[in-house]
Amino acid sequence: MSTMSAAGVPIPPAPRQSERTRVLENRPVNLDGFVEEWPEVGMVAMDSPYDPRPSVRVEDGVIVEMDGKLRADFDFLDQFIADHAIDVEATERAMALSPVEIAHLLVDPRTSRGEVLAVSCGLTPAKLLEVVKTMNVVEMMMALQKMRARRTPANQAHSTSARDNPIQVAADAAEAALRGFRELETTLGVVRYAPLVAIALQVGAQTGKPGALTQCALEEATELELGMRGITAYAETISVYGTEPVFCDGDDTPWSKTFLASAYASRGIKMRFTSGTGSEVQMGYAEGKSMLYLEIRCILVTKGAGVQGLQNGSISCIGVPGAVPAGIRAVLAENLIASTVDLECASGNDQSFSHSDMRRTARLLPQLLSGTDFVCSGYSAVPNYDNMFAGSNLDTDDYDDWNVIQRDLQVDGALRHVPEAELLAVRERAARALQGVFAYLGLPPITEKEIEAVTYAHGSNDLPLRDVLEDLKAAQSVMDRGVTGLDIVKGLEAGGFPDIAEALLGVLKQRISGDLLHTSAILTPELTTLSAINDANDYAGPGSGYRPSGERWEEMKRLRHVVSAQNPEQEVG
């Protein structure tokens with residue numbers, strides 16, 4: 001029966017909806033955003049009609065034409081890539097190969113990683129795009145398994161607090177390191193809290209497992225200063241972009257980013273750039289090019305700058321490629337290309353982009369199954385309400401699922417199950433170690449009530465409030481007094497934690513050796529460097545390459561509720 005509008009016009013009844021459609025409409029995936037392609041503004045994943053065609057021409061050892069553009073018409077990205085990222089001696093030979101031929105080199109396990117690198121070093125952005133466009137997702141995964149730099153996969157976590165609570169950050173960092181993460185990253189809601197939170201992250205990381213590297217993501221000048229002082233151990237939030245207008249919006253150029261990279265390298269600090277498909281669309285300067293083409297330019301800028309690695313995989317822009325057809329395929333392609341040009345790849349999986357658990361897992365599996373240098377460049381080691389990086393694709397609620405997937409597929413995602421007693425002990429010890437450091441440095445005291453609360457807390461909602469004004473004054477005093485990593489070491493020793501002090505001192509000593517500047521460098525719990533130099537990926541088909549076995553496989557088998565085969569009433573996990 002029709003109803004009447006305010007104007008007296010009959011309103012036809014809504015069409016009847018089936019019960020099945022109603023159920024589907026209420027599925028979480030239908031809360032996600034999807035949009036049709038719009039190439040003119042760059043709203044297309046990897047196949048824009050406005051992407052250039054591959055070409056190269058060399059005269060007198062200089063690239064004078066690249067991807068259909070003469071040198072006189074190069075923008076500053078073209079010039080930087082042509083002069084610093086492409087091997088002039090190899091480029092004409094490499095570009096003569098067809099995209100399918102190069103894709104076969106990537107997929108064929110009989111072709112070594114080194115042989116692929118001899119070709120990829122001469123490829124232009126448009127040629128690299130044409131290569132991955134010939135490949136489906138499974139083929140890209142096969143190639144990535146061979147092309148990652150480090151043989152042994154690793155993982156990185158976010159350790160943040162919605163209240164910038166340093167005690168929470170220390171406890172969560174300790175738990176994350178104990179669970180297996182080898183890099184830990186924090187950021188702030190209130191930037192002035194940074195010195196206290198960065199100190200807490202360092203202390204917590206070394207409490208959980210020695211050698212876990214830490215960073216504090218801030219504006220670049222402060223981040224560099226914290227690194228120079230030894231309060232952080234690496235950096236990665238140094239963004240590069242695929243079009244000149246977006247670079248200029250940030251008052252940057254490829255050369256200024258290269259100078260910043262050299263500042264980190266001059267002090268032995270590990271550093272990688274950050275990029276990702278979709279950033280130029282978000283900034284409104286995609287110039288009609290596909291997201292992946294522009295990301296390839298970012299990858300080659302990173303290569304040309306001499307930086308050891310790249311955090312990519314769309315990162316904070318994941319909602320953009322996630323909304324268009326083949327967008328998640330493009331994200332995998334950018335990870336593959338980063339590895340194919342011999343960069344360390346921290347492959348994303350670090351920002352929430354979907355309401356669907358199935359879709360979140362589908363986005364993860366290509367990197368988890370093939371293995372990357374860092375499967376996540378930000379698994380949330382806190383509940384997502386505490387994640388100040390706008391939430392992660394995975395968080396603390398997913399630890400058990402992750403460990404089960406590792407066990408199900410015998411795939412190493414670098415994490416492990418830890419019994420609760422061990423977690424509680426390490427969380428409390430990290431809080432007490434930080435209490436000792438704060439007392440040594442004359443910072444606002446950490447109370448017994450706070451230590452007890454953080455030992456058992458899920459997130460910041462479970463913790464007592466701190467005096468924010470006093471904390472901020474103390475944070476400024478850290479900067480004014482010139483506090484360094486050695487002061488933190490002294491505070492740990494004075495507080496009765498010599499083992500944690502020794503671990504942190506070992507991390508600081510890495511500055512002198514420079515070993516962390518090697519591609520894909522991480523520190524083992526024994527404080528030795530593992531990198532592409534001494535742990536080079538040797539995948540060459542079935543029966544080769546890294547495979548979890550021995551003690552590591554036995555560790556992966558242990559889960560929370562594994563029962564005895566002889567006595568199903570008894571848990572052995």
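Note that the numbering runs from 1 along the sequence shown for the chain.
- In summary, the side chains of Q510 and T529 do present a donor paired with an acceptor at a separation below 3.5 Å, with no hydrogens or angles considered.
- Side-chain atoms of S380 never come within 3.5 Å of backbone atoms of N387 as a donor-acceptor pair (strictly under, hydrogens ignored).
- Note that the CG atom of N335 and the CG atom of N349 stand 8.0 Å from one another [nearest 0.5 Å].
- Residues P210 and L527 approach most closely at C-CD2, 4.0 Å, considering heavy atoms.
- Heavy atoms of other residues, nucleotides or ligands lying less than 6.0 angstrom from CD of E554 number more than 12.
- Residue-environment remark: NZ (K557) exceeds the threshold of 12 foreign heavy atoms within 6.0 Å.
- In this model, no donor atom of one side chain and acceptor atom of the other lie less than 3.5 Å apart for Q367 and T372.
- Comment: D398 engages R360 in a salt bridge, judged by a side-chain N to carboxylate O separation of less than 4.0 angstrom.
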Determine whether R22 and E25 satisfy the following criterion, salt bridge (charged side-chain N to carboxylate O under 4.0 Å, His left out), listing intermediate values before the conclusion. CA-CA 5 Å; R22 183 187 63 79; E25 286 286 357; over 6 Å; no
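- With sequence neighbours left out, E344 forms a side-chain hydrogen bond (donor to acceptor under 3.5 Å, both in side chains) with K270, R272.
- No side-chain donor-acceptor contact under 3.5 Å links R407 to the backbone of L559.
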Show, in sequence, the C-alpha distance, side-chain angles and deciding distance for L434 and I446, and conclude whether the side chain to side chain contact (heavy atoms under 4.5 Å, CB included) test is met. CA-CA 8 Å; L434 188 65; I446 294 171; 3.8 Å; yes
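- Residue Q410 holds its CD atom at 15.0 Å from CD1 of I405, rounded to the nearest 0.5 Å.
- Between the side chain of N384 and the backbone N or O of G391, no donor-acceptor pair lies under 3.5 Å.
- Using a 4.5 Å cut-off on side-chain heavy atoms (C-beta onward), R182 and K209 make contact.
- Judged by distance alone, with hydrogens and angles left aside, the side-chain atoms of T455 form a donor-acceptor pair with the main-chain N or O of I451 at under 3.5 Å.
- With 3.5 Å as the limit, one finds a donor-acceptor pair spanning the side chains of Q168 and D386.
- If you take OG on S316 and CG on D350, they are separated by 7.5 Å, rounding to the nearest 0.5 Å.
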Could you walk me through whether E223 and T232 satisfy the side-chain hydrogen bond (donor to acceptor under 3.5 Å, both in side chains) test, starting with their C-alpha distance in whole Å, then the side-chain angles of each, then the deciding distance to 0.1 Å, before giving a yes or no? CA-CA 8 Å; E223 188 168 352; T232 58; over 6 Å; no
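- D32 places a side-chain N or O within donor-acceptor distance of the main-chain N or O of H355, the cut-off being under 3.5 Å.
- In this structure the side chain of L310 reaches within 4.5 angstrom of the side chain of S275, judged on heavy atoms.
- Residues I167 and R466 meet the side-chain proximity criterion, which asks for heavy atoms closer than 4.5 Å.
- Between D538 and R113 there is no salt bridge, since no side-chain nitrogen of the basic residue lies less than 4.0 Å from a carboxylate oxygen of the acidic one.
- In terms of heavy-atom proximity, R552 sits nearest to L415 at NH2-O, 2.8 Å.
- No donor-acceptor pair under 3.5 Å is formed between the side chain of S356 and the backbone N or O of P28.
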Apply side-chain hydrogen bond (donor to acceptor under 3.5 Å, both in side chains) to the pair Q145 and S370, showing each step before the final yes or no. CA-CA 5 Å; Q145 183 173 222; S370 53; over 6 Å; no
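- The closest side-chain heavy-atom distance from L505 to L486 is below 4.5 Å.
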Checking side-chain hydrogen bond (donor to acceptor under 3.5 Å, both in side chains) for the pair T274/E236: CA distance, chi angles, key distance, verdict? CA-CA 6 Å; T274 292; E236 73 177 355; 5.2 Å; no
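- Sparse packing is recorded around CD of E551, with 12 or fewer heavy atoms of other residues, nucleotides or ligands lying under 6.0 Å away.
- In this structure, the side chain of N155 engages the main chain of C376 through a donor-acceptor pair within 3.5 Å.
- Checked against side-chain contact (heavy atoms from CB on, under 4.5 Å), A532 has the following partners two or more places apart in sequence or in another chain: A149, T519.
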Candidate pair D373 and R148, rule salt bridge (charged side-chain N to carboxylate O under 4.0 Å, His left out), full reasoning: CA-CA 6 Å; D373 296 302; R148 74 167 183 266; 5.5 Å; no
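- The residues R547 and D412 are annotated as not salt-bridged, no charged nitrogen and carboxylate oxygen being separated by less than 4.0 angstrom.
- Distance check: N30 CG to N26 CG gives 8.5 Å after rounding to the nearest 0.5 Å.
- One N or O on the side chain of Q206 and one on the backbone of A212 form a donor-acceptor pair closer than 3.5 Å.
- In this structure, F181 has its ring center under 6.0 Å from that of Y379.
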Evaluate L336 against M135 for side chain to side chain contact (heavy atoms under 4.5 Å, CB included), listing each step before the verdict. CA-CA 11 Å; L336 171 59; M135 304 171 74; 4.1 Å; yes
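- At distances below 3.5 Å, not a single donor-acceptor pair connects side-chain atoms of Q215 with backbone N or O atoms of L184.
- The line from OH of Y234 to SG of C216 is 10.5 Å long, rounded to the nearest 0.5 Å.
- Counting all heavy atoms, side chain and backbone alike, G211 lies closest to L523 at O-CB, 3.3 Å.
- V107 has its side chain out of reach of K146: every pair of non-hydrogen atoms, C-beta onward, lies at least 4.5 Å apart.
- Residue-environment remark: OH (Y456) stays at or below the threshold of 12 foreign heavy atoms within 6.0 Å.
- D408 has its side chain out of reach of Q406: every pair of non-hydrogen atoms, C-beta onward, lies at least 4.5 Å apart.
- Side-chain atoms of N393 do not come within 3.5 Å of backbone N or O of S352 as any donor-acceptor pair.
- Salt-bridge formation is not detected for the pair R150/D535: no Lys NZ or Arg NE/NH1/NH2 atom is positioned less than 4.0 Å from an Asp or Glu carboxylate oxygen.
- Of all the heavy atoms in E450 and P445, the pair that sits closest is OE1-O, 3.9 Å.
- Open room surrounds CD on E452; 12 or fewer heavy atoms of other groups in view lie less than 6.0 Å from it.
- Heavy atoms only, all atoms of each residue included: V468 and Y193 are closest at CA-OH, 3.8 Å.
- Expressed to the nearest 0.5 Å, how far OG1 of T340 lies from CG of L144 amounts to 7.5 Å.
- Side-chain contact between F34 and V324 is absent, with no heavy-atom pair separated by less than 4.5 Å.
- The minimum heavy-atom distance between T396 and V382, with the atom names listed, is CG2-N, 3.4 Å.
- Contacts classified as ring-ring contact (aromatic ring centres under 6.0 Å, His included) and involving residues 489-532 (residues at least two apart or in different chains) are not found.
- Counting only heavy atoms from C-beta outward, the side chains of Q156 and E185 approach each other to under 4.5 Å.
- Between D400 and R560, at least one side-chain N (NZ, or NE/NH1/NH2) sits under 4.0 Å from a carboxylate O, which counts as a salt bridge.
- Remark: R179 is positioned above the aromatic ring of Y399, its terminal NZ or CZ atom under 6.0 angstrom from the ring centre and at most 45 degrees off the axis.
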